Peer 1: 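Below: one structure in structure tokens.
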Protein chains: 2
Amino acid sequence: MDTDKLDSRKMAILNAIIRNYLETGEPVGSRTISKFTDLSLSSATIRNEMADLEELGYLVQPHTSAGRIPSDKGYRLYVDKMMEEKVEEVNNMKEVLDQKADRIENLLKKVAKLLAVNTNYASMITTPKYRSRKLKFIQLTNVDDTHLLAIIFLEGNIPKNKVIDADHRYEESVLLKLNIVLNSLLQDLDLEEINMSIIQKIKEQAGEDSALIGRVLDAIGEAIREEDNIEVYTSGATNILNYPELSSDDGAKRLLYTLEDKQELAELVDDKLTSESGERTGTKGDIQVYIGNETPIDSMKNCSVVTATYEIEEGVYGKVGIIGPKRMDYDKVVGTLKTLMTQLDEIFKKK
Amino acid sequence: MDTDKLDSRKMAILNAIIRNYLETGEPVGSRTISKFTDLSLSSATIRNEMADLEELGYLVQPHTSAGRIPSDKGYRLYVDKMMEEKVEEVNNMKEVLDQKADRIENLLKKVAKLLAVNTNYASMITTPKYRSRKLKFIQLTNVDDTHLLAIIFLEGNIPKNKVIDADHRYEESVLLKLNIVLNSLLQDLDLEEINMSIIQKIKEQAGEDSALIGRVLDAIGEAIREEDNIEVYTSGATNILNYPELSSDDGAKRLLYTLEDKQELAELVDDKLTSESGERTGTKGDIQVYIGNETPIDSMKNCSVVTATYEIEEGVYGKVGIIGPKRMDYDKVVGTLKTLMTQLDEIFKKK
DNA sequence: TGTTAGCACTCAAATCGGTAGAGTGCTAAC
DNA sequence: GTTAGCACTCTACCGATTTGAGTGCTAACA
């Protein structure tokens with residue numbers, strides 16, 4: 001595909017067409033543009049240019065004798081151009097987010113909701129992904145006669161609780177001993193590093209209480225695996241019903257299903273994809289824009305997805321995204337995401 | 001409204017009409033019934049009876065010269081009749097639920113999904129509601145130089161973690177002392193019972209570390225309030241798009257929004273409602289059925305909602321519900337919910 | 001050579017009329 | 001009390017026609 005530069009007039013016309021289409025959602029005709037822009041060109045001239053633009057692949061005609069609408073390629077150009085310009089307009093998201101959201105989970109849900117409400121599109125956000133979670137420390141405590149509580153503290157200051165069945169009540173001194181054994185041998189290890197040799201060693205040192213050790217290790221494994229699981233939160237799914245071009249046929253059904261099911265959404269954050277997208281989208285900064293077929297998810301072929309990567313600490317990142325119609329207000333969405341990123345950054349740093 | 005008993009023939013006809021409508025979703029005419037039942041009556045006779053039934057309020061005609069469809073009152077009669085009959089057909093839900101679902105949260109989500117998949121309607125489930133949560137014990141632990149972990153154990157074996165900012169590292173012996181003070185004074189208290197006098201006492205005993213106490217108490221308050229919050233999980237919301245009578249107009253939009261927002265759903269479990277419903281729905285056992293206008297939620301006026309109450313332990317209960325079109329398969333839904341209840345019961349008992 | 005006016009042409013969407021079919025209500029006969 | 005028959009009603013559907021927005025092309029103009 002030829003990457004020929006468009007002359008500035010073509011550029012202006014394309015711009016005007018896209019802008020207009022973003023607003024109305026209707027195919028836009030030559031006459032509209034002739035009046036809409038200050039180029040003071042007649043509709044006939046515009047028509048010629050439009051024909052050119054169509055030939056170059058930036059515009060599409062839904063059918064003969066309808067106006068033009070931007071193709072994916074047209075959107076792409078528009079978005080790329082737009083991304084180069086400064087986007088700034090800090091709004092007061094921070095206020096909402098700042099109130100102590102203790103659990104990261106709640107914070108993320110709040111972010112998703114905020115985005116959906118602000119943009120009127122659907123939004124999603126994933127929990128941050130650690131390479132592989134390590135154990136920071138573990139502590140066993142008596143709960144009652146038949147239960148112990150294992151507090152499992154993972155790298156990244158994540159506490160996890162696991163209640164463990166016990167056949168009898170353990171003396172405090174025994175628990176103390178076990179705590180010391182477990183911590184001295186397991187500290188800073190991840191799942192791969194906890195092997196049979198280490199397990200054996202622990203059991204030896206635990207002596208008569210080695211029966212318990214198995215259950216404790218299970219709990220640790222569970223905790224780490226639980227935390228490794230990337231969760232996806234969505235919000236504003238119903239917003240997409242406001243866009244007729246998405247809610248026709250059963251497109252809406254499939255899209256809503258995807259958003260509810262969430263499984264497929266994980267693909268959007270797949271490492272492979274992220275790296276690829278760097279080249280493909282040619283974006284600047286953290287923001288990626290997938291237009292139509294560029295998204296890997298089938299039910300979103302008629303949508304655009306704008307994602308951003310947030311970093312919670314060195315090397316630990318998650319993704320947040322907005323899903324809307326192709327004619328979404330990219331300008332606003334990108335702006336919103338950018339300010340969100342800086343504000344999240346501040347929040348995480350402060351912690 | 002006259003609660004006149006219907007003679008058995010009218011009853012049979014009404015039954016046949018409803019059954020047929022449940023299947024097809026189309027208004028049903030006299031001719032259909034004449035053949036459908038084994039009453040061997042001509043369509044004309046049926047017509048007469050239908051006219052009577054309409055006059056009594058059990059049937060409705062969408063427009064002249066269309067067949068009849070059941071009114072809310074008609075459904076009500078049908079459902080009440082049905083509930084008296086035995087419903088039994090245990091399927092294998094238990095298998096799915098039995099695998100160790102450690103956190104109740106996950107179990108509930110799984111239940112919701114299971115219901116939605118099994119019935120093809122939307123489902124919801126709430127977290128169980130405790131009267132008022134009491135503190136069982138609390139324990140402070142060092143995390144690193146600037147953070148403490150408070151493990152807050154609530155009545156009902158619910159562990160909660162709160163990370164607390166600290167201005168310096170506390171000696172183990174200090175923490176031990178604080179733990180003892182906190183537990184001796186706060187054990188078995190709920191939020192109301194923790195008053196200024198007690199707080200004062202704690203601070204006195206804590207001496208120079210009283211600055212920390214405020215933050216610890218905040219954490220406790222948060223933990224209890226968090227747990228008091230009833231959460232609602234939903235599943236299968238998109239299923240409702242399969243029923244044209246619900247997805248017409250913007251009814252689907254509003255309904256889906258309700259399901260996503262969840263706030264309004266809490267009304268369904270409101271104490272007030274639950275007690276009222278006992279009389280209103282006249283159901284048997286644990287199952288409540290709300291038909292059309294009987295539901296308190298506006299966006300569900302065209303739906304039916306079937307709810308059941310599960311009990312996790314003495315006095316601690318939650319609600320699970322199924323939302324579908326009025327012409328839902330009540331028989332199956334009620335059956336499914338009933339077996340689910342018994343199976344949940346077993347799971348909770350075993351724990 | 002680029003721009004514009006004019007005109008014929010195309011196509012989706014809205015409008016209108018007519019028909020078919022399902023179903024009812026009523027009456028008269030059994 | 002039941003049934004057959006018939007006139008009537010109303011929706012859904014089909015097809016033809018119209019409307020209007022928009023295009024492409026050509027010819028004239030600066």
Side-chain angles (χ1 to χ4, degrees), chain A residues 6-14 16-21 23-71 74 244-245 247-249, chain B residues 6-14 16-21 23-71 74 244-245 247-249:
Chain A
L6 301 178
D7 64 44
S8 77
R9 196 174 72 175
K10 279 197 171 50
M11 203 62 218
I13 292 174
L14 179 58
I17 293 174
I18 295 183
R19 275 215 149 71
N20 191 282
Y21 180 70
E23 269 182 36
T24 63
E26 301 284 309
V28 13
S30 54
R31 195 133 181 288
T32 314
I33 297 303
S34 155
K35 284 188 284 186
F36 194 83
T37 62
D38 43 4
L39 294 171
S40 57
L41 293 174
S42 80
S43 61
T45 313
I46 304 289
R47 273 204 290 285
N48 289 331
E49 296 287 31
M50 281 165 107
D52 290 354
L53 284 168
E54 182 168 5
E55 202 176 349
L56 290 169
Y58 294 102
L59 293 179
V60 166
Q61 224 176 350
H63 55 86
T64 348
S65 95
R68 309 298 214 288
I69 65 177
S71 68
E245 67 264 49
S247 47
S248 56
D249 346 315
Chain B
L6 300 178
D7 64 44
S8 77
R9 195 173 74 174
K10 278 196 172 48
M11 202 63 216
I13 291 174
L14 179 57
I17 292 174
I18 295 183
R19 274 216 150 68
N20 191 283
Y21 181 69
E23 269 183 36
T24 64
E26 299 284 309
V28 11
S30 54
R31 194 129 184 290
T32 315
I33 296 303
S34 155
K35 285 188 282 185
F36 193 83
T37 62
D38 42 4
L39 294 172
S40 57
L41 293 173
S42 80
S43 61
T45 313
I46 304 287
R47 272 204 292 283
N48 290 331
E49 297 286 30
M50 280 166 107
D52 291 355
L53 284 169
E54 182 168 5
E55 202 175 349
L56 291 169
Y58 293 101
L59 292 180
V60 165
Q61 222 176 354
H63 56 84
T64 349
S65 95
R68 309 296 213 288
I69 65 176
S71 69
E245 68 264 48
S247 48
S248 57
D249 346 316

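Below, chains carry the letters A, B, ... as their sequence lines are ordered, and counting in each starts from 1. Everything numeric here is computed off the predicted structure, so don't read it as measured data. Both backbone and side-chain heavy atoms feed into the values below; hydrogens, waters and symmetry mates do not.
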Peer 1: Quickly work out the L39(A) CG to dT4(C) C1' distance and round it to whole Å.
Peer 2: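 Answer to the nearest Å: 15 Å.
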Peer 1: Just compare dT11(D), dT4(C), dT3(D) and give me whichever is closest to any side-chain atom of T45(A).
Peer 2: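 The nucleotide sitting nearest to the side chain is dT4(C).
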Peer 1: Set out, in order, the CA-CA distance, both residues' side-chain angles and the distance that settles side chain to side chain contact (heavy atoms under 4.5 Å, CB included) for I13(A) and L39(A), then state yes or no.
Peer 2: CA-CA 9 Å; I13(A) 292 174; L39(A) 294 171; 4.0 Å; yes
Peer 1: Quick one: does R9(A)'s side chain get under 4.5 Å of L41(A)'s, heavy atoms only?
Peer 2: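 They are in contact (side-chain heavy atoms under 4.5 Å apart), so the answer is yes.
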Peer 1: Could you tell me whether the side chain of M50(A) reaches within less than 4.5 Å of the side chain of I17(A), counting heavy atoms only?
Peer 2: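 Yes, their side chains come closer than 4.5 Å.
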Peer 1: Quickly work out the I33(A) CD1 to dT3(C) C1' distance and round it to whole Å.
Peer 2: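 Distance, rounded to whole Å: 18 Å.
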Peer 1: By nearest heavy atom, map A44(A) and E49(B) onto DNA chain D; which one lands nearer the 5' end?
Peer 2: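 That would be E49(B).
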Peer 1: Where the side chain of S34(A) meets the backbone of S30(A), is there a donor-acceptor pair that is under 3.5 Å apart?
Peer 2: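 Here the side-chain-to-backbone pair does not exist.
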Peer 1: Can you tell me which residue pairs pass the salt bridge (charged side-chain N to carboxylate O under 4.0 Å, His left out) test with a partner in residues 55-68 of chain A, sequence neighbours excluded?
Peer 2: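 Only E54(A)-R68(A) qualify under salt bridge (charged side-chain N to carboxylate O under 4.0 Å, His left out).
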Peer 1: In the structure I gave you, are the side-chain heavy atoms of L6(B) and L53(B) within less than 4.5 Å of one another anywhere?
Peer 2: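 Side-chain contact under 4.5 Å: yes.
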Peer 1: CD1 of I69(B) to OG1 of T24(B): how many Å apart, nearest 0.5 Å?
Peer 2: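 I69(B) CD1 to T24(B) OG1: 10.5 Å, rounded to 0.5 Å.
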Peer 1: For nucleotides 21-23 of chain D, list the nitrogen or oxygen atoms of the protein found under 3.5 Å from its nitrogen or oxygen atoms, one pair per line.
Peer 2:
from    : atom 1 : to     : atom 2 : distance (Å)
dT23(D) : OP1    : S30(A) : N      : 3.2
dT23(D) : OP2    : S30(A) : N      : 3.2
dT23(D) : OP2    : S30(A) : OG     : 2.6

Peer 1: Rounded to the nearest Å, what distance is computed from the CG atom of residue N48(B) to the P atom of nucleotide dG25(C)?
Peer 2: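 Spelled out: CG on N48(B) to P on dG25(C) is 9 Å.
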Peer 1: Write down the distance between CZ (R9(A)) and C1' (dT4(C)), rounded to a whole number of angstrom.
Peer 2: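 Taking CZ of R9(A) and C1' of dT4(C), I get 12 Å after rounding.
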Peer 1: Go through N20(B) and E23(B) one step at a time and tell me if the side chain to side chain contact (heavy atoms under 4.5 Å, CB included) criterion holds.
Peer 2: CA-CA 5 Å; N20(B) 191 283; E23(B) 269 183 36; 5.7 Å; no
Peer 1: Output the rounded distance in Å from NE2 (H63(A)) to C1' (dG24(D)).
Peer 2: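 Those two atoms, NE2 and C1', are 16 Å apart.
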Peer 1: Quick one: stems for DNA chain C, with Watson-Crick or G-U pairs under 3.5 Å, at least three in a row?
Peer 2: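 In DNA chain C, stems of three or more pairs: C:1-30 with D:1-30.
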Peer 1: dG2(C) P sits how many Å from L41(A) CG, rounded?
Peer 2: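 These atoms are roughly 13 Å apart.
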Peer 1: Whole-Å distance between dG25(C) C1' and E55(B) CD?
Peer 2: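 E55(B) atom CD is separated from dG25(C) atom C1' by 14 Å.
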Peer 1: Which nucleotide wins on minimum distance to the side chain of S42(B), given the candidates dT11(D), dA4(D), dA5(C)?
Peer 2: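 So the nucleotide nearest the side chain must be dA4(D).
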Peer 1: Could you tell me the separation between the CD atom of E26(B) and the C1' atom of dC10(D), rounded to a whole number of Å?
Peer 2: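 Interatomic distance, CD of E26(B) to C1' of dC10(D): 15 Å.
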Peer 1: What distance separates R31(B) CZ from I46(B) CD1, expressed to the nearest 0.5 Å?
Peer 2: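 Atom-to-atom, R31(B):CZ and I46(B):CD1 are 12.0 Å apart.
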